[in-house]
Amino acid sequence: MLRHGDPTKKVTLLPLPAPQPRALAAAQVRTVKNIVDRIEVFHELKGRRHRGAGPRTHAHARPLRDRAIIYLLFGTGLRRAELVGLDLDQLQPAEADRLRQAKKARLAGVRGKGRTSRTVFLGRDARHALADYLQHERPGDATASTTPTALFLSAASIAARRPDGRLSPRSINTIVGEIGRLHDAQTPDPDRKLGTLRPHDARHTFAFQLSQASGHNRAELERRLGHANDRYLRLYTNPPDDIAAGYIEDL
C-alpha cells in the first residue's frame, strides 16, 4: 500500500470512441461477388511466352479457394480464426457433387470464442464455391500435406507452408485484402470503393443481412454469430451509412 494513498483515485478513465459499424452496402456486396466470380482472370500469367498455351495461373495462386473463402465469410459471418480452424469432416456433405445438388449444407461443430460450438448453414453461393474448390484445387494441395484435415489448404508450391497445409489467420487478411484491392481497381464509382477490406467487414455484413432477414431475431443472431454480448450484437446489426441515410431521406 502506498504511504499517501492511491494517486490515481480521482483519475477517470478516458472514454473509448464508439465502435463503428462496418457492414458493406448491398451494391458493394454485389460488386465484390462479381470480382470473385472472375477471380481466375486476375491470376492468369501474362506475356508472350504464355500465349496459345491456354489460361495458366501463377503457381501459388488458388483462385477457387479464395473465392470459396470470400463466399463463406460473407455467407456465414465466420471469424477468421474459425475459418482456418475448419476441418473437411465438419462439412456436411463434403463431396463436390453432393454439395452442388444439396438444398441444405452445414458446417458442424464450429469452434468459437469461449469454447463455444455452433452449427453454421451454407447458402447456395457458398455451397457451389466450395464444390468448385474441393473438385479442382484442394486435391493437389492435399497430396503435399502430412495430415490434410483442414478444409482450406495453402498452395503446395509454397516452401514455407505448414506441414499440414493449414492456412494461418493472417493469410485470410491477405486474401481478403487482395480482393478488396481488386474490387476498388475495377470499380469506377467512388461511392462503391471499399478502401481496406477486412475479414470482420464480412462478419458485420452478414450480421446486418441476417438481422433484416430474421426480423431482428436475437436468438437467431446469437446462434449464427456465436456472440451474446448486447453491445456487439447492436454494433453488428447497425445498417451501412447509405441505408441509414435512406431511412431519413423523405422524413
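All values derive from a computational prediction rather than experimental measurement.
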_Any heavy-atom pair between the side chains of L72 and L86 that's under 4.5 Å?_
yes
*asked:* Please say yes or no: joined through hydrophobic side-chain contacts below 4.5 Å, possibly via intermediate residues, are F206 and V120 part of one cluster?
replied: no
_Test of understanding: with side-chain contact (heavy atoms from CB on, under 4.5 Å), list the residues that count as partners of A219, not counting sequence neighbours._
N217, R223
List, one per line, each side-chain donor-acceptor pair under 3.5 Å for residues 28-35, sequence neighbours excluded.
residue : atom : partner : partner atom : Å
Q28     : OE1  : A25     : N            : 2.9
Q28     : NE2  : R192    : O            : 3.4
Q28     : NE2  : K193    : O            : 3.4
T31     : OG1  : A27     : O            : 3.2
T31     : OG1  : Q28     : O            : 2.9
T31     : OG1  : H183    : NE2          : 2.6
N34     : OD1  : R38     : NE           : 3.2
N34     : OD1  : R38     : NH2          : 3.2

*Answer whether the closest heavy-atom distance between the side chains of H43 and I39 falls below 4.5 Å.*
yes
_Under the salt bridge (charged side-chain N to carboxylate O under 4.0 Å, His left out) test, residues paired with D201 that sit two or more places apart_ = R22
*Name all residues meeting the ring-ring contact (aromatic ring centres under 6.0 Å, His included) criterion together with F208; count only those two or more places apart in sequence or in a different chain, and write none if there are none.*
none
*State the CD1-CD1 distance between I70 and I179, to the nearest 0.5 angstrom.*
5.0 Å
*So which heavy atom on R138 is nearest to which on A150, and how close?*
NH2-O, 2.6 Å
_Exam field: side chain R224 to backbone L210, donor-acceptor pair closer than 3.5 Å_ = no
*Side-chain ion pair, R100 and D97, N-O less than 4.0 Å*: yes
*Would a distance-only check, ignoring hydrogens and angles, find a side-chain to backbone donor-acceptor pair under 3.5 Å from Q90 to D87?*
yes
*Using the test ring-ring contact (aromatic ring centres under 6.0 Å, His included), find all partners of H60 that sit at least two apart in sequence or belong to another chain.*
none
*Looking at R65 and D141, does any basic side-chain N land under 4.0 Å from a carboxylate oxygen?*
no
*Between NE2 of H136 and CD of E40, what distance do you get to the nearest 0.5 Å?*
8.5 Å
*Supply the atom-to-atom distance R127 CZ to L122 CG, rounded to the nearest 0.5 angstrom.*
7.5 Å
*For H216, enumerate each residue passing the side-chain contact (heavy atoms from CB on, under 4.5 Å) test, keeping only those at least two apart in sequence or located in another chain.*
S211, Q212
*Between R62 (side chain) and A59 (backbone), is there a donor-acceptor pair under 3.5 Å?*
yes
*Return yes if some donor-acceptor pair links the side-chain N/O of R106 with the main-chain N/O of F121 below 3.5 Å, else return no.*
no
*Considering all heavy atoms, the nearest L153-R161 contact*: CB-NH2, 4.3 Å
*Would you confirm whether R111, through its side chain, and T116, through its main-chain N or O, come within 3.5 Å as a donor-acceptor pair?*
no
*Indicate whether the side chain of R98 and that of Q92 have a donor and an acceptor atom separated by less than 3.5 Å.*
no
*Mind checking side-chain contact (heavy atoms from CB on, under 4.5 Å) for A81 and listing every partner two or more places apart, or none if nothing turns up?*
none
*Shared hydrophobic cluster, V110 / L73 (ILVMFWY, side-chain heavy atoms < 4.5 Å)*: yes
*In sequence, state the C-alpha distance, the side-chain angles, and the governing distance for L134 and L99, and then conclude on side chain to side chain contact (heavy atoms under 4.5 Å, CB included).*
CA-CA 10 Å; L134 293 176; L99 264 180; 3.8 Å; yes
*Output all residues satisfying salt bridge (charged side-chain N to carboxylate O under 4.0 Å, His left out) with R181, sequence neighbours left out; order by chain, then residue number.*
E178
*asked:* Membership question, hydrophobic clusters at under 4.5 Å side-chain separation (ILVMFWY): are L225 and L78 in the same one?
replied: no
*So how far is it from I69 CD1 to L167 CG, rounded to the nearest 0.5 Å?*
5.5 Å
*List the steps and the verdict of side chain to side chain contact (heavy atoms under 4.5 Å, CB included) for L151 and D89.*
CA-CA 8 Å; L151 175 58; D89 62 9; over 6 Å; no
*Sidechain-backbone polar pair: D184 side chain, G195 backbone, donor-acceptor under 3.5 Å*: yes
*Least distance between heavy atoms, N173 atom then P199 atom*: OD1-CG, 3.7 Å
*Would you list the pairs meeting salt bridge (charged side-chain N to carboxylate O under 4.0 Å, His left out) in which at least one residue belongs to residues 67-80, sequence neighbours left out?*
D37-R67, R67-D132, R79-E82
*Which atom of L91 lies closest to which atom of A94, heavy atoms considered*: O-CB, 3.3 Å
*Return the set of residues passing side-chain contact (heavy atoms from CB on, under 4.5 Å) with A68 (not counting sequence neighbours), or none when no residue passes.*
A129, L130, Y133, F152
*Check Y71 against V36 and note the closest heavy-atom contact, atom names and distance.*
CE1-CG2, 3.8 Å
_By salt bridge (charged side-chain N to carboxylate O under 4.0 Å, His left out) - contacts of R198 (at least two apart)_ = none
*Could you tell me the separation between the CD1 atom of I175 and the CD1 atom of I172, rounded to the nearest 0.5 Å?*
4.5 Å
*Got a sec, which residues hit salt bridge (charged side-chain N to carboxylate O under 4.0 Å, His left out) with E137, two or more places apart in sequence or on another chain?*
none
*Would you say the side chains of T146 and R162 form a donor-acceptor pair under 3.5 Å?*
no
*Of all the heavy-atom pairs spanning G140 and A156, show the shortest one and how long it is.*
O-CB, 4.4 Å
*Point-to-point distance, once rounded to the nearest 0.5 Å, from OG of S171 to CG of D66*: 9.0 Å
*For the side chain of S154 and the backbone of G165, is there at least one donor-acceptor N/O pair under 3.5 Å apart?*
yes
